[in-house]
Amino acid sequence: MAITPADVGERVTTRRRDPGGYRDAVGVLESWRDGVLTVRKRDGSLVEIAEETLAAAKVVPPRPLR
């Protein structure tokens, strides 16, 4: 895993284990507290991810301007 709590405020991509396989989320890492990450996706929705379910994560560049 390539992200840490110091990356709060950065745009990240995450992959987490789910009972049905894996789920991905891309957005701004808003917080990382008590083993739970929160990622704000571009549609404004907030995803909560338990740290122990993370399979991979990294900081990615900002969204390209249109």
Side-chain angles (χ1 to χ4, degrees):
M1 186 169 28
I3 65 172
T4 69
D7 294 313
V8 169
E10 298 288 337
R11 185 168 179 257
V12 298
T13 181
T14 62
R15 174 163 285 178
R16 64 194 182 277
R17 290 179 298 280
D18 189 62
Y22 290 94
R23 295 184 60 117
D24 297 335
V26 177
V28 175
L29 180 61
E30 290 207 342
S31 69
W32 188 329
R33 286 189 207 106
D34 301 323
V36 178
L37 293 76
T38 55
V39 176
R40 175 87 51 193
K41 295 171 42 175
R42 72 177 179 187
D43 67 2
S45 64
L46 195 61
V47 178
E48 291 188 343
I49 303 168
E51 187 175 350
E52 68 268 6
T53 66
L54 279 176
K58 66 180 181 179
V59 174
V60 294
R63 284 183 56 210
L65 298 174
R66 289 186 178 224

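Numbering of residues begins at 1 and proceeds along the displayed sequence. Everything numeric here is computed off the predicted structure, so don't read it as measured data.
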Original post:
Hey, any chance Leu54 and Val8 share a hydrophobic cluster, counting ILVMFWY side chains that come within less than 4.5 Å of each other, even indirectly?
Top reply: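 Hydrophobic grouping puts Leu54 with Val8.
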
**OP:** Report whether Val47 and Val59 are members of the same hydrophobic cluster (ILVMFWY, side-chain heavy atoms less than 4.5 Å apart, transitive linking).
**Re:** yes

Subject >> Contacts of type salt bridge (charged side-chain N to carboxylate O under 4.0 Å, His left out), residue Glu10, not counting sequence neighbours >> reply: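 Here no residue qualifies.
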
**OP:** Report the residues that fulfil salt bridge (charged side-chain N to carboxylate O under 4.0 Å, His left out) with Arg16, sequence neighbours left out, ordered by chain and then residue number.
**Re:**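 Applying salt bridge (charged side-chain N to carboxylate O under 4.0 Å, His left out) to Arg16 gives none.
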
Subject >> Smallest separation among heavy atoms of Trp32 and Pro5, with atom names >> reply: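 Nearest pair, atom of Trp32 first, then Pro5: CE3-N, 3.5 Å.
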
Original post:
Around Arg15, counting heavy atoms of other residues, nucleotides and ligands shown, do more than 12 lie under 6.0 Å from its CZ?
Top reply: no

Original post:
When you look at CZ of Arg17, are more than 12 heavy atoms from neighbouring residues, nucleotides or ligands closer to it than 6.0 Å?
Top reply: yes

Pairs under 3.5 angstrom only: tabulate donor-acceptor contacts from the side chains of residues 33-41 to other protein residues two or more places apart or in another chain.
from	atom 1	to	atom 2	distance (Å)
Thr38	OG1	Ser31	N	3.1
Thr38	OG1	Ser31	OG	2.6
Arg40	NE	Glu30	OE2	3.1
Arg40	NH1	Gly44	O	2.7
Arg40	NH2	Glu30	OE1	3.3

Original post:
Hey, does Val26 have a side-chain heavy atom less than 4.5 Å from the side chain of Asp24?
Top reply: no

Subject >> Atom pair CD1 (Ile49) and OG1 (Thr14), whose distance is rounded to the nearest 0.5 Å >> reply: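 Here the rounded value is 3.5 Å.
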
